[in-house]
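Below you'll find the structure, written out as structure tokens, and then a few comments.
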Amino acid sequence: RKQLSKTPARGRWSIAGILGHLVDTEIVYGYRYRMALAQSGMPIQGYDQAVWTAAFAYRTRDPKRMLRQICLLRELNLDLVTGVPRSWWKRYGMHSERGKETVRRTLELIAGHDLNHLDQIKAIRKKYGW
């Protein structure tokens with residue numbers, strides 16, 4: 001747990017911080033999927049991920065618990081998105097910073113987002129020889 005809370009550099013997230021951010025991501029994107037699917041065209045608000053990660057002190061939280069939360073939330077979100085007709089994936093929200101985002105595009109963003117953070121975790125582990 002102590003290792004996972006260690007930040008690789010000033011201003012960078014620890015592995016625990018990344019896990020907390022991924023919990024937030026699942027919550028935020030779960031809401032965005034629901035807005036786009038149920039009320040296509042509705043505004044969706046951006047958020048400051050660094051502020052959230054700092055405010056909620058994810059470095060001090062239980063990494064195993066956060067990982068379980070990510071898995072549960074991802075399962076719920078995927079059940080929702082795969083449980084509607086594929087044609088609904090064209091429905092969209094109007095993101096406050098990026099404009100129109102379809103459900104399909106949001107799924108693509110999340111896939112890339114996951115890969116980016118996995119690479120960050122691998123780099124941290126490599127840096128410390130874990």
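Sequential numbering from 1 along the given sequence is applied to the chain's residues. In this text, all values refer to a predicted model and were calculated from it rather than measured experimentally.
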Is there a path from L67 to L4 through hydrophobic residues (I, L, V, M, F, W, Y) whose side chains come within less than 4.5 Å of each other? yes

Kindly indicate whether the side chain of V103, heavy atoms from C-beta on, has any atom under 4.5 Å from the side chain of K90. no

Find out if a path of hydrophobic residues (ILVMFWY) with successive side-chain heavy-atom gaps under 4.5 Å connects L80 to I27. yes

If you take all heavy atoms of P43 and M35, which pair is closest and at what distance? O-CE, 4.2 Å

Step-by-step side chain to side chain contact (heavy atoms under 4.5 Å, CB included) determination, S14 to K6: CA-CA 5 Å; S14 63; K6 190 171 183 175; 5.7 Å; no

Decide yes or no for Y47 and T25: does some side-chain heavy atom of the first lie under 4.5 Å from some side-chain heavy atom of the second? yes

What's the spacing between R12 CZ and T7 OG1 if we round to 0.5 Å? 10.5 Å

Distance check, rounded to the nearest 0.5 Å: D62 atom CG versus R1 atom CZ? 4.5 Å

Quick one: are Q39 and R91 in side-chain contact, heavy atoms under 4.5 Å? no

Can any side-chain N or O of R59 pair as donor or acceptor with the backbone N or O of S5 at less than 3.5 Å? yes

Distance, nearest 0.5 Å, that separates CZ of R68 from CE of M66: 10.5 Å

Find out whether L19 and Q69 are in side-chain contact, i.e. whether some heavy atom of one side chain is under 4.5 Å from a heavy atom of the other. no

I124 and W130, any side-chain heavy atoms less than 4.5 Å apart: yes

Closest contact, heavy atoms only, P8 versus W13: CD-O, 3.2 Å

Set out, in order, the CA-CA distance, both residues' side-chain angles and the distance that settles side chain to side chain contact (heavy atoms under 4.5 Å, CB included) for I18 and Y58, then state yes or no. CA-CA 8 Å; I18 292 168; Y58 290 129; over 6 Å; no

Tell me whether L73 is reachable from I70 by hopping between hydrophobic residues (I, L, V, M, F, W, Y) whose side-chain heavy atoms are closer than 4.5 Å. yes

Distance-only polar pair, side chains of R34 and N77, donor-acceptor under 3.5 Å: yes

Would you please indicate if the ring centroids of H21 and W52 are separated by under 6.0 Å? no

Using a strict 4.0 Å threshold on nitrogen-to-oxygen distance, state whether D119 and K126 make a salt bridge. no

Determine whether R74 and D114 make a side-chain contact, defined as any pair of heavy atoms from C-beta on separated by less than 4.5 Å. yes

Can you name the nearest heavy-atom pair linking A16 to P63, along with the distance? CB-CG, 4.4 Å

Without swapping roles, check the side chain of T53 against the backbone of A50 for a donor-acceptor pair under 3.5 Å. no

Can you hop from Y29 to Y31 via hydrophobic side chains spaced under 4.5 Å? no

Please list all pairs passing the ring pair (Phe, Tyr, Trp, His ring centres under 6.0 Å) test where one or both residues lie in residues 75-97, with sequence neighbours left out. none

Taking L109 as the starting point, is it possible to reach M94 by hopping between hydrophobic residues whose side chains are less than 4.5 Å apart? no

Looking at R105, R98, R104, which hits side chain to side chain donor-acceptor pair (under 3.5 Å) with E101? R98

Does the side chain of E26 reach to within under 4.5 Å of the side chain of L76, using non-hydrogen atoms? no

Polar contact flag, side-chain donor to acceptor under 3.5 angstrom, Q49-D24: no

